[in-house]
Amino acid sequence: MVRPGAACLKADQEFDLGIVAMAAGVTVHNEDVAAAFDEMGDLLAIQGQNPFRIRAYRRAAQVVRGLPRELAEMAGTEAYDALPGIGVDLAGKIGELIRTGNLRALLNLRRQVPGGLRELLDLPGLGPARVRALRQELGIKSCDDLRRALTAGRLQRVRGFGAVLQKRLRTALTERATRASPERLPLSAAAQYAEPLKAFLAGVAGVVRVEIAGSYRRGRETVGDLDVLISARRGSSPFEALKSYRDLRALTSQGTTKASGVLRNRLQVDFRVVQPESFGAALQYFTGSRDHNIRMRRRAQERGFKLSEYGLFRDSARVAGRTEEEVFAALGLPWIEPELREDRGEIEAAERHALPHLIKRSDLQGDLHVHTDASDGLEPLDKMMQAARRSGLRYFAVTDHAKYLGIVHGLDAERLARQIDAIDALNAAQNEIVVLKGAEVDILKDGSLALEDSVLARLDVVVIAIHSHFDLSEAMQTRRILRALERPFVSILAHPSARLIGERIGCAFDFEQVLAAAHARRCALEINSQPMRLDLDDVHIKAARDRGVLLSIASDAHSGAQFDFLDGGVRQARRGWAARQDVINTRPVRELRTLLRAARLN
DNA sequence: GCCGTTTTCGGCCCGACTGTTTTCAGTCG
């Protein structure tokens with residue numbers, strides 16, 4: 001199942017979610033379980049419960065979100081219990097949710113804690129303790145209550161709520177009402193601000209080194225903020241220099257080693273200045289992820305060390321910190337690539353010296369999904385060929401859309417035949433790059449393809465994809481894809497989930513079954529590099545790789561400049577643990593042709 | 001609530017900054 005965000009349980013409503021879920025007859029998805037656990041964590045926090053118990057719920061939510069398979073398809077509580085961070089109790093709660101669509105513990109908590117209190121937690125400056133104080137002292141149960149109390153000046157009575165905090169809350173409530181709060185940016189969009197910022201800081205007097213850490217460095221598909229790490233000589237003042245930086249809208253807080261600000265695009269930035277002897281430790285720390293860090297610190301502790309952003313210490317003596325490698329080595333681990341640091345098994349793999357050699361952009365020799373102006377691309381074949389060559393590719397496949405209802409300019413059999421002749425002529429006229437003959441063929445609603453097998457037989461590469469009927473039931477969508485995969489000339493399943501980041505959640509289908517079918521017929525799954533697609537996502541790439549299904553990193557370029565998107569596709573592949581040998585377009589063209597022929601079923 | 005080559009109880013990552021205090025709790029990452 002690919003669907004990432006299907007909220008079937010109305011987790012923020014006050015009625016019995018079991019009745020709702022069961023009445024609608026819907027499946028309980030992983031995201032529903034994760035949302036229920038997140039809510040448990042929030043409500044327990046507001047109650048002031050044991051922080052470690054709260055963390056257990058949040059950690060469990062995280063683990064569930066990272067699963068490539070649906071919990072509902074797993075063997076039950078015993079299998080749940082085997083998941084990291086999930087013990088007997090939480091396994092039972094997962095089971096209850098899956099079986100009944102219901103969680104009694106959550107319903108009980110909701111009776112004790114008004115739902116509106118949860119939204120208060122999202123306001124900056126409000127954590128569980130202050131939310132609790134607001135409720136106890138003033139009976140505040142929602143953002144609306146808080147707004148009224150602020151207006152009436154009632155907050156002055158509550159200890160801990162001074163003038164500054166009140167002003168902050170007023171601003172936050174206004175922003176919330178006008179929906180001006182920033183959301184996560186696609187990685188590529190964040191890069192447009194992050195890289196110039198980095199270059200600016202690197203040019204400030206006294207600055208020795210600048211790195212952007214956090215989810216940006218881990219290559220997550222979206223970025224919520226930027227963590228900028230600066231190593232500077234004593235006496236230099238990078239924060240002062242920042243005040244003249246055009247893209248910085250405001251510095252919202254500033255200490256001696258730490259500052260925060262907001263960029264013009266509303267992206268939050270946190271700056272930290274560290275000494276060179278701590279830079280590696282700080283880079284490790286601020287790269288995260290949180291779960292990865294917790295594991296690392298625990299590991300340090302078990303070995304009698306203390307790990308912080310300042311270094312690895314035994315008592316008060318620093319034993320490592322200048323470089324990341326040094327810190328990992330002192331903890332008995334090889335350096336771990338940032339993209340892997342999600343606590344998805346990378347520490348265990350590092351211990352066994354079984355980390356993958358992650359793929360690099362320079363490993364790519366070709367691109368197997370490219371459009372020209374024959375369909376919806378912007379540039380003609382020869383221009384695309386020149387751009388592909390400039391991008392260092394040795395081959396690429398022209399995969400214009402096949403004609404079907406809805407896609408303008410799609411090629412019918414006759415135009416495709418003419419394009420095939422043109423490509424043959426182009427290959428005959430030059431030998432700098434090989435142009436492969438292909439098409440992007442729609443998977444129709446019933447799983448049949450938009451072009452006849454007799455036409456597809458002439459092609460080197462047949463890319464199939466879903467561009468319509470995204471909302472079919474999981475069973476129907478699965479049948480649709482499996483049926484398409486039975487067609488004899490299929491090479492690659494493109495952007496398998498059909499999601500658009502921030503716009504459209506992926507189609508629901510049984511990913512395990514699709515993997516099995518793809519594996520059986522040696523069809524590759526695409527990692528589409530378009531910034532809004534990045535489809536497959538990291539979790540499913542890893543699942544495909546673990547299953548031995550080959551991948552194709554493709555630009556889906558619609559113009560020559562878009563071959564640059566391949567960088568993002570490689571990034572995504574790395575997050576899914578992909579190595580060079582997992583990706584078909586790292587192969588020389590001759591070897592690639594062998595692989596493509598092997599996928600044919602005739 | 002989880003977890004275990006210091007184990008079935010007693011730990012659980014760690015520090016900066018802010019605002020509100022007169023020494024620190026709460027929040028945040």
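Letters A, B, ... mirror the listed sequences (proteins, then strands); counts begin at 1.
One interatomic measurement links the two molecules: CZ of A/Phe305 to P of B/dC14, which rounds to 14 Å at whole-angstrom precision. One interatomic measurement links the two molecules: CG of A/Leu169 to P of B/dT20, which rounds to 10 Å at whole-angstrom precision. The CZ atom of A/Arg59 sits 17 Å away from the P atom of B/dG1 (whole-angstrom rounding). Rounded to whole Å, the distance from CD on A/Gln254 to P on B/dG19 is 13 Å. Between the CZ atom of A/Arg299 and the P atom of B/dC14 there is a distance of 16 Å, given to the nearest Å. The nearest whole Å value for the distance from the CZ atom in A/Arg272 to the P atom in B/dC17 is 7 Å. Rounded to an integer number of Å, the gap from A/Asp81 CG to B/dC2 P is 8 Å. Summarising the geometry, the separation between CG on A/Leu312 and P on B/dG15 is reported as 12 Å, rounded to the nearest angstrom.
Rounded to the nearest Å, the gap between the C1' atom of B/dC13 and that of B/dC2 is 16 Å. Rounded to a whole angstrom, the distance from the C1' atom of B/dA25 to that of B/dT20 is 9 Å. For the P atom pair drawn from B/dC12 and B/dC17, the interatomic distance equals 25 Å after rounding to whole Å. Distance noted for atom P between B/dG10 and B/dG15: 25 Å (whole Å). A distance of about 30 Å separates the C1' atoms of B/dT18 and B/dG11, rounded to the whole Å. Rounded to a whole angstrom, the distance from the C1' atom of B/dG1 to that of B/dT5 is 24 Å. Taking the P atoms as reference points, B/dT27 lies 15 Å from B/dT21, given to the whole Å.
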Counting primed atoms, P, OP1 and OP2 as sugar-phosphate and everything else as base, the B/S/- map of nucleotides 24-29 of chain B against protein heavy atoms under 4.0 Å is --SSSB
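Remark: A/Tyr310 engages no residue in a ring pair (Phe, Tyr, Trp, His ring centres under 6.0 Å) (not counting sequence neighbours). The salt bridge (charged side-chain N to carboxylate O under 4.0 Å, His left out) search around A/Arg53 returns none, not counting sequence neighbours. Under the salt bridge (charged side-chain N to carboxylate O under 4.0 Å, His left out) criterion, A/Glu137 pairs with no residue at all, not counting sequence neighbours.
Backbone-only contact: A/Asp89 has heavy atoms under 4.0 Å from sugar-phosphate atoms and none from a base. Within the nucleic acid shown, A/Ala300 has no heavy atom closer than 4.0 Å to any nucleic acid atom. Backbone-only contact: A/Thr257 has heavy atoms under 4.0 Å from sugar-phosphate atoms and none from a base. As judged by a 4.0 angstrom heavy-atom cut-off over every strand, A/Ile54 is placed among residues making no nucleic acid contact.
When distances run from any side-chain atom of A/Lys93 to the nucleotides B/dA16, B/dG1, B/dC14, the shortest one goes to B/dG1. The listed nucleotides are B/dC2, B/dG19, B/dT18; the one nearest the side chain of A/Leu90 is B/dC2.
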Given the rule in the side chain to side chain contact (heavy atoms under 4.5 Å, CB included) test, do A/Leu117 and A/Leu120 qualify, once you have shown the distances and angles that lead to the verdict? CA-CA 5 Å; A/Leu117 287 175; A/Leu120 288 171; 3.7 Å; yes
Determine, stepwise, if the pair A/Glu348 / A/Arg295 fulfils salt bridge (charged side-chain N to carboxylate O under 4.0 Å, His left out). CA-CA 10 Å; A/Glu348 292 80 356; A/Arg295 291 288 307 277; 3.1 Å; yes
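Between the side chains of A/Arg220 and A/Ser215, no donor-acceptor pair is found at a separation under 3.5 Å. A donor and an acceptor atom, one from each side chain of A/Glu277 and A/Gln275, are nowhere located under 3.5 Å apart. The closest side-chain donor-acceptor pair between A/Arg111 and A/Asn108 falls under 3.5 angstrom. A side-chain donor-acceptor contact under 3.5 Å links A/Glu195 and A/Tyr216.
Interface residues of residues 314-332 of chain A facing DNA chain B, ordered by number: none; criterion, heavy-atom separation under 4.0 Å.
Looking at heavy atoms from C-beta onward, A/Tyr285 lies out of side-chain contact with A/Arg272 at the 4.5 angstrom threshold. In this structure, A/Arg344 and A/Val539 have side chains that are in contact, with non-hydrogen atoms separated by less than 4.5 Å.
Taking the charged nitrogens against the carboxylate oxygens, A/Asp538 and A/Lys542 have no contact shorter than 4.0 Å, which rules out a salt bridge.
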Each nucleotide N or O in nucleotides 8-12 of chain B that has a protein N or O under 3.5 Å away: list the pair and distance.
unit_1 : atom_1 : unit_2   : atom_2 : d
B/dC12 : OP1    : A/Gln301 : NE2    : 3.4

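A cation-pi arrangement, defined by a distance under 6.0 Å to the six-membered ring centre and an angle within 45 degrees of its axis, is absent between A/Arg318 and A/Phe313.
Between A/Phe239 and A/Asn293, the one whose closest nucleotide on DNA chain B sits nearer the 5' end is A/Asn293.
Look at B/dT8: it lacks any Watson-Crick or wobble partner with both distances under 3.5 angstrom.
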